[in-house]
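First up is the structure itself, then whatever we jot down about it.
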Number of protein chains: 2
Amino acid sequence: MIENSAGFIEQRVSEFISRSKELGIKVTPQRVAIYKELASTDQHPSTEIIYNKIRDYYPNISLTTVYRTLETFEKLGLISVVNVLYNAARYDANLDPHHHIVCTQCKKVEDVYDESFTNLDVSEKTLGDYKVEGYSVLLSGVCIDCR
Amino acid sequence: MIENSAGFIEQRVSEFISRSKELGIKVTPQRVAIYKELASTDQHPSTEIIYNKIRDYYPNISLTTVYRTLETFEKLGLISVVNVLYNAARYDANLDPHHHIVCTQCKKVEDVYDESFTNLDVSEKTLGDYKVEGYSVLLSGVCIDCR
DNA sequence: GTCCTTGCAAAAGTTTTGCAAGGTG
DNA sequence: CACCTTGCAAAACTTTTGCAAGGAC
């Protein structure tokens, strides 16, 4: 749960710094700025958006650094990527209700048919501001070929 | 459920042609080829992959056409896009279990906390070939600002 | 001081757009 | 034959990579 109090964010940044030292990566001002920006919002920003926000107070930062840093953080489990399959649009002619599992290594997608996934109650949820059209469960894992 | 019999695919292509006429879009050889390619696989191909497969027997087709056609089909509900948020990577510093809802119009993402989503049983599923690492539910809808 | 990290520039990869030619209904 | 659709080319946008300079430990 995000709380927009400065103290809460400072605490998360402190934890990030400790964790970075444990993991053996260097704590640079760029990395702190990127982590802090991400920890300060629940808007799930893109790389470009993070870059632009940081440039307001850190004009010399490079977009390349933001890309590389987010990738590093994600690989180490310090942050997560919301959309695993962001590389290219993937299409499906099968309109029956079903779900998907993606291999985090080769990005292959397979279908998952499971009634317990298909019958989730999405009507009464805390989605007050949204007109919900649908949902799907995306599992992630490593396929047999990549193991 | 995809069945790889030629007859089954032919039937789906026929339905596609009828539906196209109902919807008032023109049935071109390119469109039929694209639909047929997508209906013949459960691999959830990208635009580029569909393009390359079609070029084996239809060398003049343009990648632009494949992009535009898939977009058209998706808007009309003839196919669906597996990864709504494919435009750019979106990151999250919040590692607590939670889910997301995306506005299909402005692509804004918000958090959803719901225990019934968080307690799905993913251990005994028909995911035999995968080492499952996790999952998340992605709801889609239209946010209040876009209505 | 060592070696990881950064910034710049260039390249690779994905998607969109303008416009004239072509084909469907 | 009207108008939607296609193909080409160019541009826009997102991401990755090579390399030399710089900074953290």
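Residue numbering restarts at 1 for every chain, and letters A, B, ... go by the order of the sequence lines.
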TODO: Specify the residues of residues 57-67 of chain A, ordered by number, for which at least one heavy atom lies under 4.0 angstrom from an atom of DNA chain C.
DONE: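 Residues of residues 57-67 of chain A under 4.0 Å from DNA chain C: A:N60, A:I61, A:S62, A:T64, A:T65.
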
TODO: Check the pair A:R19, A:E15 against salt bridge (charged side-chain N to carboxylate O under 4.0 Å, His left out), reporting the backbone distance first and the verdict last.
DONE: CA-CA 6 Å; A:R19 191 85 189 95; A:E15 289 166 7; over 6 Å; no

Open item on the list: Just by distance, no angles: are the side chains of A:H98 and A:D92 close enough, under 3.5 Å, to form a donor-acceptor pair?
Closed with: yes

- [ ] Check the angle between the aromatic planes of B:F16 and B:Y35 and answer parallel, tilted or perpendicular using the 30° and 60° thresholds.
- [x]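 Correct class here is parallel.
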
Task: Other residues, nucleotides, ligands: >12 heavy atoms within 6.0 Å of A:E22 CD - done: yes

- [ ] Have a look at B:R31 and say if it touches a base, only the backbone sugar-phosphate, or nothing, with a 4.0 Å heavy-atom cut-off.
- [x] sugar-phosphate

TODO: Mind checking A:S46 for me? I need base, sugar-phosphate or nothing, with any heavy atom below 4.0 Å counting as a touch.
DONE: nothing

Are there any protein N/O atoms within less than 3.5 Å of an N/O atom in nucleotides 23-25 of chain D, and if so, which ones and at what distance?
unit_1	atom_1	unit_2	atom_2	d
D:dG23	N2	A:K26	NZ	3.4
D:dA24	N3	A:K26	NZ	3.4
D:dC25	OP1	A:V27	N	3.1

Task: CD-CD1 distance between A:E37 and A:I9, expressed to the nearest 0.5 angstrom - done: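 One gets 9.0 Å once the value is rounded to the nearest 0.5 Å.
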
TODO: Identify, between B:R68 and A:N87, the residue whose nearest nucleotide on DNA chain C lies closer to the 5' end.
DONE: A:N87

Open item on the list: If the cut-off is 4.0 Å, is B:Q30 near the phosphate of D:dG7, judged by side-chain N/O to OP1 or OP2?
Closed with: yes

Open item on the list: Please confirm whether the shortest side-chain N or O distance from A:T72 to OP1 or OP2 of C:dT5 is below 4.0 Å.
Closed with: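 Answer is no, no contact under 4.0 Å.
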
